[in-house]
Structures are given as C-alpha cells and as structure tokens.
Visitor: 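Right, I'll just put the structure down here and ask away after.
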Amino acid sequence: MSNSPVSTTPKLTPDQRRAAAGQFERARQVLKGGDYDYCLQLLLACCKIDPANLIYRQELRQTQRAKYGNNQKGQPLAIVRSLWGRLRLKQIMLKGNYLEALVLAEQILMRNPWDLGTHLVMAQAFEELEMHDHALWTLEQIRPTNAQNPSVNRPLARLYERRGNFNQAIALWELVRKADPSDVEAQRKGKDLAASATIAKGKYEDVLKGDALSPQAEKETATDQPVLPADVTTEDRHPREVANLLEKIKANPKNANAHLHLSNLYRKAEQFDKAKETLQKAMPLTGNSFDIAQELFDLDIEPFRRDLAVTEERLRQKPGDKELQQIRAGLIKEINTRELEFHRRRSDRYPTDMAARFEMGLRLQRGGQLDEAIKELQAVRSDPRHHGKALFYLGLCFLARNNWRLAQRNFEEALKQLGAGDAVLQKEAMFHLAEGYARTGELERALELGSDLANLDYSYRNIGALLEEWQTRTVK
C-alpha cells in the first residue's frame with residue numbers, strides 16, 4: 001500500500017459495488033452453515049472494497065462477536081497476539097493512511113471485537129475521512145462496556161452535539177466532568193448546552209411554524225389525576241402521586257388509564273426512561289392497549305423535540321450558523337415524519353376524530369404531501385374547532401401549488417374565522433394575501449392589507465420595505 005496520506009473514500013465502479021454485494025450475500029449464506037472464519041473473511045473483503053458501507057461493517061462486527069459467544073473479551077491472550085498489529089496501526093495513523101488503518105483495525109478486532117483502543121482509533125479514522133455516522137456507530141459499539149470512560153464519552157459527546165442530539169451530549173459531558181471535575185471542556189460544554197436546554201424547554205412547537213399546534217403532552221386521561229392539598233410542594237407531590245398510582249395499578253393492572261397517568265407523571269418530571277418503562281410493562285397487562293401504544297410512540301419522538309428546542313435556542317445565539325441550521329432542518333423533518341405517523345394511526349383508529357385529522361393534515365402540508373393535506377384539511381374545515389386554522393393551511397397548500405385564486409379564497413375566509421388566540425396565523429395570512437395582491441397587480445388591495453399588518457406589527461417579516469416598494473409602483 002502507498003504511504004501517501006489517504007483522506008477520502010474511493011469512488012466505486014458498478015462492478016466493484018456488485019462484487020461487494022455478491023460477497024456480502026455469500027457471507028450470509030456461509031454464516032448459516034456456522035463457518036464463522038470464512039464468513040468473516042468475506043465480510044472483511046466487503047469492507048475493503050466499500051469502506052463507506054456501514055451495513056457491511058455492522059454485519060462484520062456482529063459476526064465477530066457471535067464467534068466468541070459475546071463473551072466481551074475475544075480470544076485468549078488477544079492483547080498479546082495483536083501487539084504487533086497495534087504498533088503498525090499507530091504508525092499508519094500517523095502517516096494519514098486512514099483507509100488502511102480501518103482495514104488493520106478490523107483485523108485486530110478479529111481477535112477481540114471489544115478492544116477499546118482499536119475502536120477509538122477507528123472512530124478517529126472515520127472522523128478524518130468525514131464519515132461521522134460511522135465514527136458515532138463505532139463509539140456506540142464500545143460504550144456499553146466502557147460507560148464511564150471519558151476516552152469514549154468525550155468524542156461521542158462531540159459527535160452527538162454535531163448531529164443535534166444535544167440532550168445525549170449533555171449527559172455524556174456530565175459523565176466526563178464527573179470523571180475529572182477539573183476538565184475545562186466538559187465544564188464549558190455541559191453548562192452551555194444545559195443552559196440552552198433549560199431556556200428552550202417546551203418551545204419546540206414554536207419552532208414548528210407558529211402557535212397553530214397544541215403540545216402533545218396534555219392527554220385525555222389527565223382529568224383523573226389524584227388531587228393533593230395545595231400546601232404540598234412539587235417535591236412532595238411526586239413520590240406521593242407515584243405511590244397512589246402504583247396502588248391503583250396493583251389493584252387493577254388492566255386499567256390502562258392508571259398506567260398512562262403514571263407515565264405522564266414521570267414525563268412531566270422529565271424522567272423519560274421511567275415513563276417508557278412504565279408503558280412497556282403495561283402493554284401485556286392491558287392487552288396491548290392502543291392508547292398506551294400511542295403514548296409509547298410519542299415518547300420516542302420526545303428526544304427529537306427536546307433537541308430541536310435546544311437547537312433553536314442555540315440558533316438564537318448564533319443565527320448565521322449553517323451547521324445548526326442544517327441540524328434544525330433535519331430535526332424538523334424527523335419530528336414531522338414521526339408525528340405524521342402518530343396522528344395517522346389515531347385517525348385510522350378513530351375516523352371521526354377531527355383533531356387527529358387536522359393534525360395529520362397539518363403535518364402532510366409541512367412534509368410537502370399537498371394533495372393528501374388538502375383532502376384532510378378540507379374534511380375538517382367544517383368542524384368549528386378547526387375551521388379557521390384549516391382554511392389557513394389550505395391557503396398555504398394552494399399557494400405551494402401556485403394556485404393563487406384558491407389560496408386567496410382560503411386566506412380571506414381564514415381571516416374572518418381565526419380567533420383572538422391565532423394572532424400569528426392572522427398576521428401570516430395578511431402577509432400572504434398582501435404579497436399575492438401585489439404580485440397579481442392589485443396594488444391598492446396590497447397596500448391596504450399591508451398597512452393593516454404594519455399597523456399591527458411593523459417588524460413582521462419585511463412588510464415595511466414591501467409597502468415602500470408597492471407605493472413606488474403605484475406612483476409610476
């Protein structure tokens with residue numbers, strides 16, 4: 001191999017991709033026969049041909065561990081047998097031959113697939129190659145057996161932060177700080193992220209386009225929560241409420257409401273692991289209750305919402321940060337996709353639930369699935385509770401489809417129906433209408449509505465500058 005630094009992954013030809021895929025399929029066939037050694041050689045060959053394919057590497061690591069019965073130590077005297085390979089690995093990394101380092105690292109892991117030092121070197125090599133997902137996966141593979149080790153937690157925290165998994169990053173920085181209280185980076189990172197998380201708590205809905213949505217935290221069963229005396233503090237209430245609900249569950253384990261109340265109590269206290277554990281235990285007891293399954297599904301979305309809130313807070317501090325903007329866009333897309341499925345499930349289960357259909361239509365609109373969104377929003381606009389908002393989002397759908405007349409009709413009707421609590425949507429509808437009037441040559445109407453909006457909020461978007469532009473056009 002060449003000693004010149006290799007800092008990019010190779011571009012594969014179609015023949016190379018086919019060869020790797022063929023060896024991968026052969027490896028899986030061989031594994032069924034129990035021939036671990038031949039299977040491992042085939043999988044290693046796949047990784048050599050296509051080092052960027054994470055599926056090949058995941059299968060290789062799983063097979064390496066299965067060979068040793070997941071004993072977490074590999075073959076006897078593995079550390080002695082791989083000593084020469086370790087020395088070579090350090091030399092190769094110093095020369096910048098990161099692709100060669102990955103191959104040699106995998107050969108070392110053939111003896112002990114739990115080797116900490118080799119995993120750390122692999123993660124570094126992946127980072128140098130800008131294969132950040134691979135680096136993160138590599139560190140996650142070794143963390144279960146090194147949960148308190150700063151050598152693992154520090155680079156993993158940095159990767160989580162880069163990906164926008166801020167709450168996971170906070171937890172890891174805290175572990176690094178506990179391992180070494182004098183660690184300046186851990187102190188600074190932990191404080192910065194924790195401060196952003198505190199400020200941002202509960203604000204994820206604001207990020208997702210105005211105040212049109214109500215948070216998902218309030219559940220239908222909340223009215224049955226036990227009531228405690230007013231002089232009982234929050235700290236006192238929590239264990240007493242938990243004890244009360246546990247007694248109810250013990251008396252009637254099939255009662256889904258009690259499980260939901262307990263989970264919601266843990267959730268409000270930000271004890272998300274306990275909330276999830278409560279629901280997972282409740283599933284078989286309640287005959288796989290639909291409401292409990294939905295709550296579990298929603299809990300899985302919660303980390304993304306919290307990370308989004310932190311991202312938004314950090315963007316307020318650094319509004320031009322492109323990396324944060326990319327993280328924000330990715331989190332919004334992920335949340336929208338998951339919440340769409342959440343509301344689709346409820347809508348399928350309860351077709352007459354207009355609230356679920358409205359929320360589903362809203363997320364279809366955000367996801368660009370305009371035809372489906374229009375269908376759902378038109379179905380719920382007859383419901384008085386959602387009439388104004390459904391019209392507004394229908395206006396956005398038709399605007400995205402370049403159908404100004406239908407957009408105009410829905411925006412104008414929405415302004416008549418939106419209530420006092422819909423100020424954000426009212427201003428947005430006024431802005432779109434004014435801009436649409438100007439675009440279609442109805443400058444007098446644009447100026448009139450634009451002036452009304454400026455009178456409400458002169459700083460809204462760029463309405464002030466647009467009014468000046470439209471005024472100039474009328475003079476000409």
Side-chain angles (χ1 to χ4, degrees), residues 40 43-44 47 54 57-90 92-94 98 101-129 131-190 193-194 272-273 276-277 303 307:
L40 288 170
L43 291 171
L44 180 59
C47 293
L54 188 54
R57 210 168 292 275
Q58 289 171 333
E59 188 75 16
L60 174 60
R61 190 73 70 255
Q62 183 177 336
T63 307
Q64 287 169 335
R65 294 182 171 186
K67 176 182 176 180
Y68 298 108
N70 288 301
N71 65 8
Q72 299 189 6
K73 58 185 178 182
Q75 71 176 201
L77 301 176
I79 190 169
V80 177
R81 295 169 188 264
S82 60
L83 183 60
W84 176 243
R86 293 166 182 277
L87 293 174
R88 283 191 58 216
L89 182 59
K90 289 183 179 179
I92 291 170
M93 286 293 291
L94 287 173
Y98 303 119
L102 291 175
V103 174
L104 181 53
E106 291 292 6
Q107 291 172 344
I108 294 171
L109 292 176
M110 292 291 191
R111 297 185 183 277
N112 179 10
W114 294 272
D115 186 282
L116 173 60
T118 304
H119 276 85
L120 293 176
V121 172
M122 284 190 75
Q124 181 185 346
F126 281 130
E127 279 285 278
E128 295 291 348
L129 292 164
M131 297 163 67
H132 305 301
D133 287 344
H134 295 62
L136 187 143
W137 170 79
T138 300
L139 292 170
E140 287 180 333
Q141 289 295 295
I142 200 61
R143 188 168 183 274
T145 54
N146 298 271
Q148 308 299 320
N149 194 325
S151 297
V152 178
N153 290 333
R154 185 189 305 277
L156 190 53
R158 290 171 180 159
L159 285 168
Y160 280 142
E161 186 175 353
R162 178 179 294 167
R163 287 168 59 97
N165 303 129
F166 294 116
N167 286 281
Q168 289 172 281
I170 290 170
L172 291 181
W173 281 123
E174 178 61 17
L175 290 176
V176 175
R177 187 195 64 77
K178 285 182 178 179
D180 182 3
S182 64
D183 191 300
V184 176
E185 183 186 21
Q187 291 176 5
R188 179 176 57 82
K189 288 282 192 180
L193 289 173
F272 296 105
D273 289 342
K276 190 169 184 177
E277 182 184 357
D307 287 333

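Along the sequence shown, residues are numbered consecutively beginning with 1.
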Visitor: How would you list all residue pairs meeting salt bridge (charged side-chain N to carboxylate O under 4.0 Å, His left out) that involve residues 103-122, not counting sequence neighbours?
Guide: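 Residue pairs with at least one partner in residues 103-122: R57-E106, R61-E106, R86-D115.
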Visitor: With rounding to the nearest 0.5 angstrom, report the CE to CG distance, M131 to L136.
Guide: 13.0 Å
Visitor: Is it true that a side-chain atom of Q148 and a backbone atom of A179 form a donor plus acceptor pair closer than 3.5 Å?
Guide: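 Checking the backbone N and O of A179 against the side chain of Q148, no donor-acceptor pair under 3.5 Å is found.
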Visitor: Side chains of H132 and F126, heavy atoms from C-beta outward: is any pair under 4.5 Å?
Guide: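 A side-chain contact under 4.5 Å is absent here.
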Visitor: Can you name the nearest heavy-atom pair linking L89 to L104, along with the distance?
Guide: N-CD2, 3.4 Å
Visitor: With a 3.5 Å distance limit and no angle check, can you tell me whether N153 reaches the backbone of A147 through a side-chain donor-acceptor pair?
Guide: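 Present.
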Visitor: For a quick test of reading the model, state the closest non-hydrogen atom pair linking H119 to P113 and the distance between them.
Guide: CE1-O, 3.1 Å
Visitor: Indicate yes or no: at least one non-hydrogen side-chain atom of L102 is less than 4.5 angstrom from one of L129.
Guide: yes
Visitor: Can you give me the closest heavy-atom contact between S82 and I108, atom names plus distance?
Guide: CB-CG2, 4.0 Å
Visitor: Take Q168 and L156 through the test side chain to side chain contact (heavy atoms under 4.5 Å, CB included) and record every step on the way to the result.
Guide: CA-CA 9 Å; Q168 289 172 281; L156 190 53; over 6 Å; no
Visitor: Any chance you could measure E161, atom CD, to L172, atom CG, to the nearest 0.5 Å?
Guide: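 If I round to the nearest 0.5 Å, the distance is 11.0 Å.
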Visitor: More than 12 non-hydrogen atoms from neighbouring residues, nucleotides or ligands closer than 6.0 Å to CG on N70, yes or no?
Guide: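 Yes, the 6.0 Å shell around CG holds more than 12 heavy atoms from other groups.
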Visitor: For residues L120 and S151, determine if any side-chain heavy atom of one lies less than 4.5 Å from a side-chain heavy atom of the other.
Guide: yes
Visitor: I'd like to know if the side chain of D307 reaches the main chain of N167, judged simply by a donor and an acceptor atom lying under 3.5 Å from each other, with no hydrogens or angles considered.
Guide: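 Checking the backbone N and O of N167 against the side chain of D307, a donor-acceptor pair under 3.5 Å is found.
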Visitor: List in chain and number order the residues that pass salt bridge (charged side-chain N to carboxylate O under 4.0 Å, His left out) with R162, two or more places apart in sequence or in another chain; answer none if no residue qualifies.
Guide: E127
Visitor: If you define the side chain from C-beta out and look only at heavy atoms, does anything of Y68 sit under 4.5 Å from W114?
Guide: yes
Visitor: What are the two closest heavy atoms between V121 and M93, and how far apart are they?
Guide: CG1-CG, 3.6 Å
Visitor: For the CD atom of Q58 and the OG1 atom of T63, what is their distance to the nearest 0.5 Å?
Guide: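 Interatomic distance, Q58 CD to T63 OG1, rounded to 0.5 Å: 11.5 Å.
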Visitor: Any side-chain heavy-atom pair from V176 and K189 closer than 4.5 angstrom?
Guide: no
Visitor: Please name the pair of heavy atoms, one in V152 and one in L116, separated by the smallest distance, quoted to 0.1 Å.
Guide: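 Result for this residue pair: CG2-CD1, 3.4 Å.
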Visitor: Quick one, D183 and R154 - any side-chain contact, counting heavy atoms below 4.5 Å?
Guide: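 A side-chain contact under 4.5 Å exists here.
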Visitor: Less than 4.0 Å between a side-chain N and a carboxylate O, is that true for R177 and E174?
Guide: yes
Visitor: Using the side chain to side chain contact (heavy atoms under 4.5 Å, CB included) rule, take R88 and I92 through it: C-alpha gap first, then chi angles, then the decisive distance, then the call.
Guide: CA-CA 6 Å; R88 283 191 58 216; I92 291 170; 4.2 Å; yes
Visitor: Between N112 and I79, is any pair of side-chain heavy atoms under 4.5 Å apart?
Guide: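 N112 vs I79: side chains apart.
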Visitor: Once you round to the nearest 0.5 Å, how far does NE2 of H134 lie from CG of L54?
Guide: 4.5 Å
Visitor: Quick test of your reading: applying ring-ring contact (aromatic ring centres under 6.0 Å, His included), list the pairs with at least one residue in residues 159-178, sequence neighbours left out, ordered by first then second residue.
Guide: none
Visitor: Can you measure from CD (Q64) to CE (M110) and round to the nearest 0.5 angstrom?
Guide: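 Answer rounded to 0.5 Å: 5.0 Å.
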Visitor: What pairs with D180 under salt bridge (charged side-chain N to carboxylate O under 4.0 Å, His left out), at least two apart in sequence or on another chain?
Guide: none
Visitor: Can you pull out every salt bridge (charged side-chain N to carboxylate O under 4.0 Å, His left out) where at least one residue sits in residues 131-141? Sequence neighbours excluded, please.
Guide: D133-R163
Visitor: Looking only at heavy atoms, what is the nearest atom pair of A157 and A169, with distance?
Guide: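 Heavy-atom minimum between the residues: O-CB, 3.6 Å.
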Visitor: Do Q141 and Q62 make a side-chain contact, defined as non-hydrogen atoms from C-beta onward lying under 4.5 Å apart?
Guide: no
Visitor: Would you list the pairs meeting salt bridge (charged side-chain N to carboxylate O under 4.0 Å, His left out) in which at least one residue belongs to residues 143-152, sequence neighbours left out?
Guide: none
Visitor: Got a second to check how far Q107's CD is from L109's CG, nearest 0.5 Å?
Guide: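 Reported to 0.5 Å precision, the distance equals 10.0 Å.
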